[in-house]
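The block underneath contains the structure these notes are about, expressed in structure tokens.
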Number of protein chains: 2
Amino acid sequence: MTVSVKDVAARAGVSVGTVSNVLNRPEKVNETTARRVHDAIADLGFVRNDAARQLREGRSRSIGLVVLDVANPFFTDLARGAENRAAENGLSVLLGNSDENDEREKAYLELFEEQRVHGVLISPRGEVDESFERIRRRGTPIVLVDRDGTEHGLSSVALDDVAGGYLAVSHLIASGRRRIAFVGGPVSIRQVSDRLAGARKAAAEHPEVTLDIILADSLSVLAGRAVGEELRERPEGDRPDAVFAANDLLAIGILQALVMLGHVRVPEDIALIGYDDISFSATAVIPLSSVRQPSELIGYTAVDLLMREAEQRGDYAPEHVVFQPELVVRASTVSPEGGREGAAAAEALPAAH
Amino acid sequence: MTVSVKDVAARAGVSVGTVSNVLNRPEKVNETTARRVHDAIADLGFVRNDAARQLREGRSRSIGLVVLDVANPFFTDLARGAENRAAENGLSVLLGNSDENDEREKAYLELFEEQRVHGVLISPRGEVDESFERIRRRGTPIVLVDRDGTEHGLSSVALDDVAGGYLAVSHLIASGRRRIAFVGGPVSIRQVSDRLAGARKAAAEHPEVTLDIILADSLSVLAGRAVGEELRERPEGDRPDAVFAANDLLAIGILQALVMLGHVRVPEDIALIGYDDISFSATAVIPLSSVRQPSELIGYTAVDLLMREAEQRGDYAPEHVVFQPELVVRASTVSPEGGREGAAAAEALPAAH
DNA sequence: CTGCGTTTGTGAATCGTTTCAATTACGCGA
DNA sequence: TCGCGTAATTGAAACGATTCACAAACGCAG
């Protein structure tokens, strides 16, 4: 039924070895022979059977990527970076969506291992258990993304959320703000607590600055709206003069409550900064200052670590890269006439730990 | 190096056939033997080699999905639906992101064919050329998504954008609006021209209704903002009393310009409806009416068509499913006190053509 | 015309799993 | 104890591409 190299060989009047050579080492075969083979391939509509090739090679030509949520721009950007770097190495990326579900995460991990992928990039949902290490030891390199792997002995590419929080609040302080509020969702989320820790650090450096903590139910626009409304209701003297929201969705909700549904001016009365720099931030009524993460670079780098790990079979030495976030200053923190220069954005520098 | 069934068989003191039986037809093998085999598998850390299995089977256990843009919520929802249905059939979905790039689209198609996937779901970027049909004839079922395949003899799951446009404008008319404007990006995009056609059809049914067409540069918030500003500048009598935007991003931009940066009231002065029902629409300052597409159902159905096509090898009969969009009424088209009932949302009914 | 180096082509062996016809073991009634 | 039906197990063949040691063909200097 399906056409195999054997059929192609017969049609072209050569041996299977020659067909394989035409496909894989064209320089080894005479030009006219090669043409005959190519013609035969076209005539017969031959398509390489990847399974057979893989079986022989021992490894597939792709790498697996398991993300928490394909709908999250952070992960799609990350995936793009990974795809690009993989393509440069002649590999393709198979995207698996765990949807924050342990079962599915495990299923994809299993699938990828059975497929003998070149390696797996994964942003694990919960704890990193020994199953990861076992997979690695059986021969499939693993790199954690958006999660530090130091204590698990796994390579990883992570983000410095503490630095991000520090950047945001330092910027607010540098803009002359003193009564700062941090608005954040469940502190059980590592990213949230890290960003808060960074905020605290920045505030602690200035004795005259106060840092209030306002808890939000979740990291959503609606939760932000609720917080914004509460702020709006406060007597003017009781309000913070700056708000650092744990992510942009919250910030957008706050912005809506303050400016559109209320009468508080941003940034004159309250300066506002978010986190993630999602595309909506730039196009908000009042363009939102934010902290940007080099998502694409993370994917790109993760593939690099993977390749390096795949080579050094044997003497395994996990590597860890932590990226620094970048401050993006827009109108929500600096008055148009305020004169303050847009605070040089910190470059995103990889820092090996 | 790597552990094979042979090693497992040796360890358990059985034949390879038995190991395979334990894995694939457990009912055929004695319980105590099965336990011995399982122990051996665990001891040795055996992992099935999918390539070998596939080689034998002739087909892989996954289906390929090529989308235009993983960052687009429409496609991620679609992917979720496809994954769910595939899982019910014991298959997994490999997601390929063509990023609206012909090269990448072709590369993924080739990869999937070489992998002998069960079938391919694809939202093609440009024209559907004969290469699709060739792939199908070679034995890999193909189903087009978000694109009608009737004229190419390929199965497809599409959306009725004309009906969507009709729904939107009919709703505006039913709400008492008469001077309606359609705001849309490049009409070269099929979705845009279809929605416009639907809008025209609805308007044509009411002689007293006028339909203005305002071209936008793109389907983005910024383009919408520009259009909104233009509307705001018009003398009051010159303004439409309702706007149908070709997508939600445009609508949000318009909303911002009218309400937040201007003094036009929505829906009192101008009613506004978008298209796509992205999550931001529900959380806009003024929650946006929109037209929702059953994205998840599309992916789900596409997998069904794929499975059916895979069975009927031989007597191939392409099937076409067109889904109807659904009207979502929110505050941007009905005044809170306006009394108009929230117009029963049309059910999303599959209609085979 | 011989010998040797180079280029080009050959085909059997291999990868690891599944399948299936054949074999063995087992239980039980006669 | 024999025979027979059922259950359990076996092992060799097959899937299709790649590799590699080897052979053939060719060119050319001596």
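Scope of the values below: all heavy atoms of this structure, side chains included, with no hydrogens, waters or symmetry mates. Numbered from 1 within each chain, the chains take letters A, B, ... in sequence-line order.
- Remark: C1' of D/dG16 and CG of B/Asn49 are 14 Å apart, rounded to the nearest angstrom.
- Rounding to whole angstrom units, CZ of residue A/Arg116 and P of C/dC15 are separated by 14 Å.
- Candidate nucleotides D/dG16, C/dT18, C/dG9 were compared by shortest atom distance to the side chain of B/Leu23, and C/dT18 ranks first.
- When the nucleotides D/dG16, C/dT17, C/dT8 are ranked by their closest atom to the side chain of A/Thr33, C/dT8 comes out on top.
- Whole-Å rounding puts the B/Glu27 CD to D/dA8 C1' distance at 12 Å.
- For residues 40-49 of chain B, the pairs satisfying side chain to side chain donor-acceptor pair (under 3.5 Å) are B/Arg11-B/Asp43, B/Asn24-B/Arg48, with sequence neighbours left out.
- A/Glu113 places a side-chain heavy atom less than 4.5 Å from the side chain of A/Arg138.
- Across the protein-nucleic acid pair, A/Leu44 atom CG and D/dG16 atom P stand 14 Å apart, rounded to whole Å.
- In this structure, the side chain of B/Asn84 does not engage the main chain of B/Gly81 through any donor-acceptor pair within 3.5 Å.
- An OP1 or OP2 oxygen of D/dG16 is reached within less than 4.0 angstrom by no side-chain nitrogen or oxygen of A/Ser4.
- Regarding A/Phe46, its CZ atom lies at a distance of 8 Å from the C1' atom of D/dG16, rounded to whole Å.
- Residue A/Val29 is in sugar-phosphate contact alone, with no base atom involved, counting any heavy-atom pair closer than 4.0 Å across all strands shown.
- If you measure from atom NZ of B/Lys6 to atom P of D/dA12, you get 11 Å, rounded to the nearest angstrom.
- Residue A/Val14 is in sugar-phosphate contact alone, with no base atom involved, counting any heavy-atom pair closer than 4.0 Å across all strands shown.
- Not a single donor-acceptor pair under 3.5 Å links the side chain of B/Glu309 to the backbone N or O of B/Pro318.
- Note on B/Arg136 versus B/Glu133: salt bridge recorded, some NZ/NE/NH1/NH2 to OD/OE distance being below 4.0 Å.
- The C1' atoms of five pairs define one axis at each end of the helix from C/dC1-D/dG30 to C/dA30-D/dT1, and these two axes lie 60° apart (to 10°).
- One atom, CG of A/Asn30, and another, C1' of C/dT10, lie 15 Å apart when rounded to the nearest Å.
- In this entry the distance linking NZ of B/Lys28 with C1' of C/dA22 reads 15 Å, nearest Å.
- No more than 12 heavy atoms of other residues, nucleotides or ligands shown are found within 6.0 angstrom of CZ on B/Arg61.
- By the 4.5 Å heavy-atom criterion applied to side chains, B/Phe74 and B/Asp69 are not counted as neighbours.
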Any N/O pairs under 3.5 Å between the protein and nucleotides 19-24 of chain D? List them or say none.
from: D/dT19; atom 1: OP2; to: A/Arg25; atom 2: NH1; distance (Å): 3.0

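- Between the side chains of A/Tyr108 and A/Glu103, not a single donor N or O lies within less than 3.5 Å of an accepting N or O.
- One N or O on the side chain of B/Asn89 and one on the backbone of B/Arg85 form a donor-acceptor pair closer than 3.5 Å.
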